[in-house]
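Below is one structure, written out as structure tokens, with a few remarks after it.
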Protein chains: 2
Amino acid sequence: MISGDERLPLYQRLRDELSTRIAEQHWRAGEAIPSEAELAKHYEVSIGTVRKAIDSLVKEGMIERLHGKGTYVRRARFNASLFRFFRMQNLAGERRIPEGRVLRMELTEAPSIVISNLKLAPGTQAINISRLRLFDGNPMLAESIWLPHDRFAPLLALKPSEFPDLLYPMYEQRFGQVIASAKESLTAEAVGPLHARLLQIEAGSPVMVIERLALGFDQHPIEWRLSRGPASEFRYHVEIR
Amino acid sequence: MISGDERLPLYQRLRDELSTRIAEQHWRAGEAIPSEAELAKHYEVSIGTVRKAIDSLVKEGMIERLHGKGTYVRRARFNASLFRFFRMQNLAGERRIPEGRVLRMELTEAPSIVISNLKLAPGTQAINISRLRLFDGNPMLAESIWLPHDRFAPLLALKPSEFPDLLYPMYEQRFGQVIASAKESLTAEAVGPLHARLLQIEAGSPVMVIERLALGFDQHPIEWRLSRGPASEFRYHVEIR
DNA sequence: GAGTGGTCTAGACCACGGT
DNA sequence: CCGTGGTCTAGACCACTCA
């Protein structure tokens, strides 16, 4: 027996049910969910219906099938996504993780664009982190990261040197905040004096501007960041169908 | 009876079979393919297998299901894709088609980047079109379009004023070249003197550079174009999962 | 009402991963 | 060997479109 709107198809209600369970961390990231046969028996539906529900969750990237082993809740895997931006300069096409250097962190009143993106109440304070990403000591990206205070308060106790290069795994381990998807938007602009200095490029030269809103499984906003990098180092690829 | 590698699953061989038929224009764009029941009978497979094959073609965007009507071969619908780049400045979020003004067309030796993208033999000549796209008379995009001579030779007889605003429908109607997908890549740069003049912007201001390789159903390259537009007018959106 | 795609079932058999 | 997901079948019934 599955709850939910009776008018919806069974496999969709089952999809919602499983999706909710995963979002609630009933099954954790990296763990296997019950087998298809078990789910079919428990929810009293045919195995074909279970497969259809699971199919859609796989397509959404929430879970992962491993033939002969089971169906697993996916771990956050955003590490690679950032690399879509970087021009692969290394001959081997290496995917090195850029060094992350935190310049400043403060609790401050959130500007309106952060308020609306993180869905905060007007006048709320939020955590703002300024960070530089570097390859071989060369600045590649200047990031301004905004986090809601209520979910990330303990973060303020950290020293800049204690931040890891990749933040999302830390969000998951220390705060239980799993990034499931993100929306990005890209523009370019002539660099201003502040970022020209940070990125060590000539004032007025073109920079790519990347806005990213990172969301949890239940679509609630977790982090908003604005990044700038020298345009010459960026190339973004898309396939249109 | 379905041909193809016996080791591949049935539904995948059926997918390939249907895909080939569509690419060969056995069923034309806009027409319906046979019903699921008919296909199941003809190929002597169960209807579930037919549905799985059709599912994957739908996901690829080659065909489209219309409940109660049939399954149709998709028409090229690239008109909308270009708009992903434009900042919607109109309050209503209108999707107007920008005017296309052909500045120059010539048959000339293809540069190496065109050779490799269009898979031409070295030293081959190709058709090059310079075109400006405008909104309300304001230049938005300067395009340099490259086409293989063998497929598009009759195009050279056209006068600049005879070109339509949208080229892909013309490719389809006059040359039987259907654009099925495209690969794009985005960068930004400081504008050079030539494009500054064309786009009527200040020399050195940032422009978005969009490279697009347009492909047919069988993945052969049909058109390569390089477009530049003022960065302030562009915003590109992506969802990462 | 005839014909289409959409949902759902119950079960057989295969391919793969571990023990 | 067992348990997992992957393929495939044959058929019932529903929802939608159009004449």
Side-chain angles (χ1 to χ4, degrees), chain A residues 1-19 21-22 27-75, chain B residues 1-19 21-22 27-75:
Chain A
M1 291 303 101
I2 307 176
S3 61
D5 192 332
E6 299 276 333
R7 295 166 303 181
L8 260 52
L10 243 187
Y11 74 91
Q12 222 167 94
R13 279 181 281 161
L14 180 53
R15 188 217 82 94
D16 294 344
E17 164 78 14
L18 297 176
S19 164
R21 290 230 163 196
I22 294 166
W27 306 299
R28 304 273 178 92
E31 287 178 6
I33 68 174
S35 76
E36 298 179 349
E38 281 173 326
L39 290 171
K41 194 171 180 183
H42 180 261
Y43 289 110
E44 298 175 24
V45 297
S46 88
I47 207 162
T49 303
V50 171
R51 282 189 64 78
K52 250 193 126 165
I54 290 183
D55 275 345
S56 69
L57 289 177
V58 168
K59 210 176 67 187
E60 289 171 45
M62 196 175 235
I63 57 181
E64 190 178 14
R65 284 202 166 101
L66 293 182
H67 194 168
K69 291 190 67 177
T71 304
Y72 291 77
V73 178
R74 284 195 76 160
R75 308 193 144 280
Chain B
M1 292 299 102
I2 305 177
S3 61
D5 192 331
E6 300 277 332
R7 294 166 303 181
L8 261 51
L10 243 188
Y11 74 90
Q12 220 167 96
R13 279 181 282 161
L14 180 54
R15 188 220 81 95
D16 294 343
E17 165 79 14
L18 297 176
S19 165
R21 290 229 163 196
I22 293 167
W27 305 299
R28 304 273 178 91
E31 287 178 7
I33 69 173
S35 75
E36 299 178 348
E38 281 174 324
L39 289 172
K41 196 171 176 185
H42 180 263
Y43 289 110
E44 298 175 25
V45 297
S46 89
I47 207 161
T49 304
V50 171
R51 283 188 63 78
K52 249 193 127 167
I54 289 183
D55 276 345
S56 69
L57 289 177
V58 167
K59 209 176 67 186
E60 290 171 45
M62 196 175 234
I63 57 181
E64 190 176 15
R65 285 201 165 103
L66 293 182
H67 193 167
K69 292 190 68 178
T71 304
Y72 292 77
V73 179
R74 284 194 76 160
R75 309 194 142 279

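The sequence lines fix the lettering, A, B, ..., with proteins before strands; numbering per chain opens at 1. Keep in mind the model is a prediction, meaning the values are calculated, not measured.
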Please confirm whether the shortest side-chain N or O distance from [X] to OP1 or OP2 of [N] is below 4.0 Å.
{"X": "Arg65(A)", "N": "dT4(D)", "value": "no"}
{"X": "Lys69(B)", "N": "dG3(C)", "value": "no"}
{"X": "Tyr11(B)", "N": "dT7(D)", "value": "yes"}
{"X": "Ser35(B)", "N": "dG3(C)", "value": "no"}

Expected rows: protein N/O vs nucleotides 9-12 of chain D N/O, under 3.5 Å:
from, atom 1, to, atom 2, distance (Å)
dT9(D), OP2, Ser46(B), N, 2.9
dT9(D), OP2, Ser46(B), OG, 3.3
dT9(D), OP2, Thr49(B), OG1, 2.4

Selection from [options] that lies nearest to any side-chain heavy atom of [X]:
{"X": "Glu38(B)", "options": "dC8(D), dG5(D), dT4(C)", "value": "dT4(C)"}
{"X": "His67(A)", "options": "dC8(D), dG5(D), dG5(C)", "value": "dG5(D)"}
{"X": "Arg51(B)", "options": "dC8(C), dC8(D), dG5(C)", "value": "dG5(C)"}

Would you check if [X] and [Y] make a side-chain contact, meaning some heavy-atom pair closer than 4.5 Å?
{"X": "Met62(A)", "Y": "Arg74(A)", "answer": "no"}
{"X": "Ile63(B)", "Y": "Tyr72(B)", "answer": "no"}
{"X": "Lys52(A)", "Y": "Gln12(A)", "answer": "no"}

What is the distance, rounded to the nearest whole Å, between atom [atom1] of [X] and atom [atom2] of [N]?
{"X": "Ile63(A)", "N": "dG5(D)", "atom1": "CD1", "atom2": "P", "answer": "10 Å"}
{"X": "Glu36(B)", "N": "dT17(D)", "atom1": "CD", "atom2": "P", "answer": "16 Å"}
{"X": "Lys52(B)", "N": "dG5(D)", "atom1": "NZ", "atom2": "C1'", "answer": "11 Å"}

Thr49(B), Leu14(B), Ile33(B) screened by side-chain contact (heavy atoms from CB on, under 4.5 Å) with Leu39(B), the one that passes: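 For Leu39(B), the side-chain contact (heavy atoms from CB on, under 4.5 Å) test succeeds with only one of Thr49(B), Leu14(B), Ile33(B), which is Ile33(B).
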Could you go through the salt bridge (Lys or Arg N to Asp or Glu O under 4.0 Å) check for Glu17(A) and Arg13(A) one step at a time? CA-CA 6 Å; Glu17(A) 164 78 14; Arg13(A) 279 181 281 161; over 6 Å; no
Thinking salt bridges, do Asp55(B) and Arg65(B) make one under a 4.0 Å N-O criterion?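 Here Asp55(B) pairs with Arg65(B) in a salt bridge, since their nearest N and O are under 4.0 Å apart.
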